[in-house]
Protein chains: 2
Amino acid sequence: MTTMNTAVTEYDAFRVQVSVSKDDICRELYRQNKTMIRIKKEAVAVRNLVRIIDSTLKLANSKGFRAMTLRDLCADSGLSMGGLYAYIKNKDDLIHLIQGHGFILTRRTLLDFIAPETDPHKRLFAAVKAHLYLSELMRAWFYFSFMEAKSLPASEKKDAIAIEQEIDDIFHEILEYGIKEGAFRPVESRVLSAMIKALLQDWYLKRRKYRDSDISVEQYAATVRDLLERYLA
Amino acid sequence: MTTMNTAVTEYDAFRVQVSVSKDDICRELYRQNKTMIRIKKEAVAVRNLVRIIDSTLKLANSKGFRAMTLRDLCADSGLSMGGLYAYIKNKDDLIHLIQGHGFILTRRTLLDFIAPETDPHKRLFAAVKAHLYLSELMRAWFYFSFMEAKSLPASEKKDAIAIEQEIDDIFHEILEYGIKEGAFRPVESRVLSAMIKALLQDWYLKRRKYRDSDISVEQYAATVRDLLERYLA
DNA sequence: GTCTATATAGGGATAGAC
DNA sequence: GTCTATCCCTATATAGAC
């Protein structure tokens with residue numbers, strides 16, 4: 001490897017490693033929703049899906065999904081009403097389209113990143129970092145999913161809750177394992193894992209605040225680790 | 001005082017002390033908004049305001065403010081459309097009506113509860129408890145304000161952000177003071193106060209989860225204190 | 001002060017041209 | 001595959017009776 005002048009942060013490395021590009025995700029979305037989408041050419045469909053999802057996230061996150069009209073969406077994305085309706089059969093399908101990936105990707109990423117770690121301390125920190133870095137990378141998705149969770153149709157809401165629970169469980173398990181191994185002192189692992197999630201969530205819910213205070217994702221991750229290490233020591 | 005068989009928790013005592021009843025708050029709201037409200041008899045107005053606000057919080061918190069129709073609201077509150085419009089001039093006034101009090105009350109309560117404490121440890125824990133207990137007492141208000149913050153008209157949004165900042169500052173000040181006094185080790189107090197708020201917020205954002213896990217507000221408060229004490233030691 | 005009935009607009013959804 | 005024009009319903013808001 002050649003020497004580089006620019007500082008490569010751990011987050012940068014993470015970004016390269018997961019490499020979830022908009023195009024990749026929209027391509028996957030297209031393939032998953034071929035029955036609903038009327039467009040046959042993949043290249044065209046993916047290009048428009050990127051625009052649709054970008055605009056939906058932007059508008060819904062700034063004024064709320066319900067307050068966003070499809071005319072707003074068309075104006076922002078450059079599509080016409082007719083064009084838009086080649087990709088969805090109704091407005092709620094936009095939620096469906098967006099929702100599917102965020103949480104599943106989170107779960108996969110968390111598991112991928114803790115898998116190689118056997119030491120409880122390292123496992124815990126790996127999970128914390130994976131969650132923070134991923135939500136940093138896809139903060140619009142995370143924010144949307146959190147804010148519009150109540151708008152989900154019953155069936156999807158159940159899925160969303162289940163996946164949330166799984167993420168909870170990942171942290172709970174790491175804590176329980178660490179306690180059993182004697183790496184952590186015995187604590188109420190249920191309460192603590194809930195709190196860990198609260199801290200991770202704040203990173204994408206209050207993104208602006210942290211940006212204004214010049215707090216980087218690495219710094220935040222380090223503080224969370226520090227807080228947990230001292231509590232568990 | 002006579003001895004009692006039922007266990008009186010600290011939270012119960014808090015509730016008595018702040019004694020923010022729905023009626024009191026709605027009476028204050030009525031007086032503040034006399035220009036907008038067409039009803040002249042205070043007793044009548046307050047009774048209806050209680051119903052309107054109760055129903056709005058209930059419906060908006062379950063499906064979102066925008067998704068809630070005024071017909072929903074009328075059905076739930078028992079008022080007619082005409083009746084409702086004696087209290088507001090448009091739907092957004094409902095936000096205005098509800099929003100005003102929560103944060104201001106929080107600030108007042110926080111300051112009241114930390115004022116008598118001089119020891120940094122006690123001050124910090126008093127603020128934590130005051131925030132948790134108040135949000136427990138008025139969780140619908142807190143949840144609504146958080147979720148509908150983006151729907152606020154620009155002028156009110158500015159106020160809301162300013163008050164939020166003030167609450168942040170209260171914690172920041174306690175930490176800085178404690179560090180200066182040597183009661184706490186030197187830490188990044190900005191990051192930590194942001195995290196404290198994240199933990200406090202989670203209590204009302206994820207109320208169901210904590211209820212399902214049988215975690216009481218006192219237990220949560222104790223864990224937060226423990227976490228902070230160990231971090232700051 | 002409260003109700004019912006009604007006006008109006010705005011937004012979701014579609015038909016059909018190109 | 002994409003656009004424009006239009007349909008139609010729903011939800012806000014008001015007028016006017018009681």
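Atoms considered below: every heavy atom in the structure, side chains included; atoms not considered: hydrogens, waters and symmetry mates. Below, chain A is the first sequence line, B the second, and so on; all start at residue 1.
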Review point. According to the interplanar angle, ranging from 0 to 90°, do the rings of B:F144 and B:F65 count as parallel (below 30°), tilted (30 to 60°) or perpendicular (above 60°)?
Key: perpendicular
Exercise for review: Mind calculating the distance between CD1 (B:I88) and C1' (D:dA11) to the nearest angstrom?
Suggested key: 13 Å
Point to revise | Within residues 34-46 of chain A: residues closer than 4.0 Å to DNA chain D (heavy atoms) | key: A:I39, A:K40, A:K41, A:V44
Exercise for review: Check whether any side-chain nitrogen or oxygen of B:Y87 sits under 4.0 Å from OP1 or OP2 of C:dT2, and answer yes or no.
Suggested key: yes
Check your understanding: So what does A:D93 touch, heavy atoms closer than 4.0 Å: a base, only the sugar-phosphate, or nothing?
Key -> nothing
Study note, to complete from the structure: So ring-ring contact (aromatic ring centres under 6.0 Å, His included) across residues 75-99 of chain B, not counting sequence neighbours, yields none
Review point. Do the side-chain N or O atoms of A:N48 get closer than 4.0 angstrom to the phosphate oxygens (OP1, OP2) of D:dG1?
Key: no
Check your understanding: Rounded to the nearest Å, what distance is computed from the NZ atom of residue B:K63 to the C1' atom of nucleotide D:dA11?
Key -> 12 Å
Point to revise | Sub-4.5 Å side-chain heavy-atom contact between A:R51 and A:L73 | key: no
**Study point:** B:L59 backbone acceptor or donor facing B:S62 side chain under 3.5 Å
**Key:** yes
Check your understanding: In whole angstroms, how far is the P atom of D:dA11 from the CZ atom of B:F65?
Key -> 14 Å
Return the polar atom pairs (N/O with N/O) between nucleotides 11-14 of chain C and the protein under 3.5 Å, or none.
residue	atom	partner	partner atom	Å
C:dG12	OP1	A:K91	NZ	3.2
C:dG12	OP2	A:L70	N	2.7
C:dG12	N7	A:R71	NH1	3.1
C:dG12	O6	A:R71	NH2	2.8
C:dA13	OP2	A:Y85	OH	2.8
C:dA13	OP2	A:K91	N	2.8
C:dA13	O5'	A:Y85	OH	3.3

Check your understanding: Are side-chain heavy atoms of A:D12 and A:V16 found at a separation under 4.5 Å?
Key -> no
Review point. Between B:Y30 and B:I39, is there a donor-acceptor pair closer than 3.5 Å when you use the side chain of the first and the backbone of the second?
Key: yes
Practice item. State whether the side chain of A:S55 and the backbone N or O of A:I52 hold a donor-acceptor pair below 3.5 Å, judged by distance alone. Key: no
Review point. Given the side-chain rings of B:Y204 and B:Y143, with only the six-membered ring counted for Trp, is the space between their centroids under 6.0 Å?
Key: no
